[in-house]
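Data block below; observations after.
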Amino acid sequence: STVLAYVLPGPSSLTAYYGWEAPHDPVLGLGLGLVLEHIVLGSVAWISTAPMRGPLFVAAHFTAAAIYAVVLLLVIFHIATFVPSSWLRLHELHMRLRQQTPPGTLRITIRRENFVRDTLLANVAADPADALMNTRVTFISAGVVEAGSDDGGLTKEWLSLFGKALIGVASHPSIAPIEPVILVPAIRSGDADAVVYSLSNQIETYEADIAGRMLVRLLAARISLGYEISPALTRAMLRQPIVAADLAVIDPDLYAAKRAFKAQVDTAAKELDIELRFVFEYHARESGELVVVPLRKPTGELCDPEEVVNSTNYDEYMDAFATTYLTAGIEEHLAAFARGVHTAVPSRALRAAFGSDERALAHTLYGQVELDVAEWQAASVDDIGDPHWTWFWDAVVQLSAERRLQLLLAVTGCVLPPAGGLANLNPPMAVCVAFNASNGALPTASVCTNKIRLPRSYASAEETASKLNQFLDQPVGFGRA
């Protein structure tokens, strides 16, 4: 009876929905335990005492049975009516949850050491339709919950870090190594420093789905990636077919050679007996064998591998070649990625924002990498006044490009400027007074409101620059604020 009283859960689907442990119902458990106890022990006693049963024993036995029958009826009544005490407990718990968590808020706990996996699991557990729901993020480092209440700043850091983690870059030392790496470099010739990223074929399709949902989150939060993604992804986001010009984004040299060959294709077939067909050839990674597959049209249909390419159908060939080149081996992943994107936001909403301009979407996601200090200052709010305002920006000018991005992360939670530039930072970054700060104190940051606070005790531009650098040398995270 005691075990059942503490193990048997009460009628609490409401609290289970919110993720809390359902409260146990000792009344229900105790009652059922007593009934089960009587059934088991009474049956054993009735069988074992058969030789010595007399009228007195039978009367006592049936009296006990009547008492337990009353208990059983009370238990049934309890189940049928959910006694007021149960309702009160549930109502009280429900009201406490409503006060703690605003309606439409998704709570996520992320271990920095398991950053990508925890992000994926949090999205797996969530309803895909909630991809743009308000989020409250809690970070855990080395088993310790980090201080700080998420009013938007922690969510921004989470999204910014995930944008970099997609390509295996750890923007925070505690989240290395990244596993899994979802986006990998595609071939890019002509410019060694320009890398375009596409989906890895080594990930699961559900991970591609979640990558699509998270990319929409980044776009909605105006958080830039800082790298270029394949037109295969942006076309999928806009539900557009891949075209020949998309090949120039991945491999401009190959695109130029293919376009130049159009004028020679008929001559090559007649005079040199070189026939180009609607096939795609590549060498398998493991065996090194040459693999020949039919090209895939932008509509998804396979081309006839025996069809010979000529000047008449060359444009059709180019579209099919670009489609196959950009999607070969990741067709299922691309479909899952598109499904994740359009679960979070309808494609018509993306087309309303970007029209048919796939490059505009790509450049918005790419964002601005170099921080223009003059633009940053013009887009910020002066809540401290001179000379501290001027000293602060003089110190920022002296920072390296990497340290400026570090400052942006420390104050706003964004690894890169928002899409559209620093003027789109919401709310604008503000330089404020740190009231009640002791002499020699370092600046502090309120990431949720994009504010950096400086003590008025700073007496020179040199001291401001020194303190700002010391501030940036502190461990990354929200314990610094």
Side-chain angles (χ1 to χ4, degrees), residues 167 180-205 208 227-236 240-338 358-359 362:
I167 60 172
V181 177
I182 295 175
L183 300 180
V184 295
I187 297 174
R188 178 68 181 257
S189 63
D191 188 348
D193 295 327
V195 179
V196 182
Y197 290 86
S198 189
L199 289 170
S200 167
N201 60 5
Q202 302 299 312
I203 62 173
E204 302 292 338
T205 53
Y227 52 85
E228 190 170 3
I229 61 175
S230 167
L233 302 182
T234 45
R235 294 286 185 194
Q240 293 177 345
I242 293 172
V243 298
D246 294 334
L247 180 61
V249 178
I250 298 294
D251 196 334
D253 291 348
L254 178 61
Y255 174 74
K258 286 283 186 183
R259 294 305 303 176
F261 189 68
K262 180 179 180 179
Q264 307 168 15
V265 62
D266 291 336
T267 303
K270 291 179 181 179
E271 300 180 1
L272 303 177
D273 197 23
I274 299 176
E275 289 187 340
L276 190 63
R277 298 182 184 274
F278 279 73
V279 295
F280 185 77
E281 301 178 353
Y282 66 95
H283 291 277
R285 288 185 178 179
E286 291 79 9
S287 63
E289 296 180 359
L290 180 66
V291 180
V292 181
V293 296
L295 294 182
R296 186 176 297 274
K297 298 179 182 179
T299 57
E301 303 171 0
L302 292 178
C303 298
D304 180 3
E306 298 301 321
E307 183 178 358
V308 177
V309 180
N310 53 50
S311 58
T312 304
N313 61 11
Y314 198 86
D315 290 340
E316 179 185 348
Y317 163 77
M318 283 294 296
D319 288 342
F321 183 86
T323 300
T324 308
Y325 192 90
L326 269 65
T327 66
I330 58 170
E331 293 89 348
E332 292 183 2
H333 299 83
L334 273 173
F337 172 83
E358 173 271 335
R359 287 290 84 196

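Every heavy atom of this structure was used, including side-chain atoms; hydrogens, water molecules and symmetry mates were not.
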Open item on the list: Working to the nearest 0.5 angstrom, can you tell me the gap between D246 CG and M318 CE?
Closed with: 10.5 Å

TODO: Using a 4.5 Å cut-off on heavy atoms from C-beta on, say whether the side chain of I250 contacts that of P231.
DONE: yes

Task: Gap separating the CG atom of L183 from the CZ atom of F337, nearest 0.5 angstrom - done: 7.5 Å

- [ ] Check whether any side-chain heavy atom of L199 sits under 4.5 Å from a side-chain heavy atom of I182, and report yes or no.
- [x] yes

Open item on the list: What's the separation between atom OH in Y317 and atom NZ in K258, rounded to the nearest 0.5 Å?
Closed with: 2.5 Å

Task: Check: R296 main-chain N/O paired with T324 side-chain donor or acceptor under 3.5 Å - done: yes

TODO: Kindly give the heavy-atom pair with the smallest separation between G329 and N201, and that separation in Å.
DONE: O-CB, 3.5 Å

- [ ] Work out which heavy atom in A336 is nearest to a heavy atom in T205; give both atom names and the distance.
- [x] CB-O, 3.2 Å

- [ ] Side-chain contact test, heavy atoms from C-beta onward, threshold under 4.5 Å: evaluate it for F321 versus V309 and give yes or no.
- [x] no

Open item on the list: Please check: side-chain N/O of D319 versus main-chain N/O of A244, any donor-acceptor pairing under 3.5 Å?
Closed with: yes

Open item on the list: T234 vs E358, test: side chain to side chain donor-acceptor pair (under 3.5 Å). Steps then yes/no.
Closed with: CA-CA 6 Å; T234 45; E358 173 271 335; 2.5 Å; yes

Open item on the list: Minimum heavy-atom separation for L233 and S198, please, with both atom names.
Closed with: CD1-CA, 4.4 Å

Task: Any donor-acceptor N/O pair, E332 side chain to I330 backbone, under 3.5 Å - done: no

Open item on the list: If the threshold is 4.0 Å, N to carboxylate O, is there a salt bridge linking R259 and D315?
Closed with: yes

- [ ] Could you go through the side-chain contact (heavy atoms from CB on, under 4.5 Å) check for S230 and L326 one step at a time?
- [x] CA-CA 8 Å; S230 167; L326 269 65; 4.0 Å; yes

Task: Separation of E228 CD from R359 CZ (nearest 0.5 Å) - done: 5.0 Å

Task: Side-chain (R235) to main-chain (Q240) donor-acceptor, under 3.5 angstrom - done: no

Task: V195 side chain reached by Y227 side chain, heavy atoms, under 4.5 Å - done: no

Task: Distance, nearest 0.5 Å, that separates OG1 of T323 from CD of E331 - done: 10.5 Å

Task: Ring geometry between F280 and Y325 (parallel below 30°, tilted from 30 to 60°, perpendicular above 60°) - done: perpendicular

Task: Minimum heavy-atom distance between A248 and Y255, given as atom pair plus value - done: CB-CD2, 3.6 Å

- [ ] Could you give me the CA-CA distance, side-chain angles and deciding distance for L276 and V308, then say whether side-chain contact (heavy atoms from CB on, under 4.5 Å) is met?
- [x] CA-CA 6 Å; L276 190 63; V308 177; over 6 Å; no

Open item on the list: Less than 4.5 Å apart, side chain to side chain, heavy atoms only: is that true for F278 and P305?
Closed with: no

Task: C303 versus P294, closest heavy-atom pair with distance - done: O-CB, 3.6 Å

Task: Minimum heavy-atom distance I203-P180, with the two atoms named - done: CG2-CB, 4.5 Å

